[in-house]
Amino acid sequence: MTQLKELPLTTLQFYATAPYPCSYLPGKIARSQVATPSHLIHADLYGELVNAGFRRSGLYTYRPYCDECRACIATRIPVAQFQANRSQRRSWKKHQGLEIRVLNLGYQEEHYELYQQYQMTRHADDDMDRDDQDQYMQFLLQSRVNSRIVEFRDGPQDTHPGKLRMVSMIDILEQGISSVYTFFDTTNPSASYGTYSILWQIRQALELELPYLYLGYYIENSEKMSYKAKFQPIEGLIDDHWQAIVAR
């Protein structure tokens with residue numbers, strides 16, 4: 001991993017958490033490295049941390065720091081070079097009718113209900129508690145950087161807004177867009193909302209003339225995290241250098 005002494009982060013301190021069960025690879029033990037104090041991590045400094053493989057969960061900024069495992073690889077898409085494959089082009093065409101609104105951070109009960117539904121269906125087998133309202137707000141609605149909620153709905157029905165299908169949380173940084181979290185309606189098995197959200201974020205980065213979309217961690221042997229290699233070209237922070245990850 002990038003050595004901290006190489007980064008202009010002298011105002012921060014870093015500590016390693018105690019070991020805990022890995023959420024993605026059964027039987028593995030994980031640790032994280034956490035940047036503190038959180039109130040000093042403004043947009044410019046957070047951008048430097050993202051380039052060094054960090055992510056944020058609310059006001060908590062971290063990166064994997066496991067003793068014997070290097071499976072988690074920070075990723076980014078160089079958006080000007082991205083080429084959608086056939087399946088991704090179908091996803092874009094299928095969901096182009098969605099109405100999209102970009103909102104400031106703020107609690108909406110409808111968003112929270114969709115989040116709960118997504119957690120119950122997509123993470124039903126995880127050994128974890130479901131987030132209550134306070135945990136949801138701490139996870140997704142607290143930020144010290146330029147963050148936005150992106151709301152995806154069906155087209156309006158008469159005078160009523162269309163059904164809420166997906167919500168994405170994004171950070172807009174000098175280096176690019178960082179995709180924080182996306183949750184969506186899981187009741188339609190033929191939908192590909194998650195793919196569409198990533199494609200939309202790539203286009204937004206291009207429109208804003210930002211070079212990268214940061215997609216979080218890629219884990220080759222985790223079904224929930226390996227999908228990112230389908231978006232080509234994609235780069236991973238490997239041995240302290242951003243380099244190409246080839247889809248398998």
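Heavy atoms only: backbone and side chains are in, while hydrogens, waters and symmetry mates are out.
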| request: Establish, from distance only, whether the side-chain atoms of T186 and Q117 form a donor-acceptor pair under 3.5 Å. | output: yes
| said: Holding to side-chain contact (heavy atoms from CB on, under 4.5 Å), I want the full list of residues that pass it with P233, two or more places apart in sequence or in another chain. | reply: P78, Q81
| field | Exercise: do S91 and T195 side chains pair donor with acceptor under 3.5 Å | value | no
| remark: Across all chains, not counting sequence neighbours, the ring pair (Phe, Tyr, Trp, His ring centres under 6.0 Å) partners of Y46 are none
| Got more than 12 heavy atoms from elsewhere within 6.0 Å of CD, Q83? | no
| message | Does either side chain, that of N51 or that of Y214, offer a donor lying less than 3.5 Å from an acceptor on the other one? | response | yes
| R55 versus S178, side-chain donor and acceptor atoms under 3.5 Å | yes
| message | Clusters formed by hydrophobic residues whose side-chain heavy atoms approach within less than 4.5 Å: which one holds Y20, and what are its other members? | response | none
| field | Test item: side-chain donor near acceptor, S197 and S168, under 3.5 Å | value | yes
| said: If the condition is side-chain contact (heavy atoms from CB on, under 4.5 Å), which residues does K230 pass it with, not counting sequence neighbours? | reply: Q88
| message | Please tell me whether Y181 and F139 form a close aromatic pair, meaning their ring centres lie under 6.0 Å apart. | response | yes
| field | By side-chain contact (heavy atoms from CB on, under 4.5 Å) - contacts of Q243 (at least two apart) | value | I238, H241
| How would you list, by chain and number, every residue that makes a ring pair (Phe, Tyr, Trp, His ring centres under 6.0 Å) with F183, sequence neighbours excluded? | Y115
| Name the one of Y196, Y118, F152 that satisfies ring pair (Phe, Tyr, Trp, His ring centres under 6.0 Å) with F184? | Y118
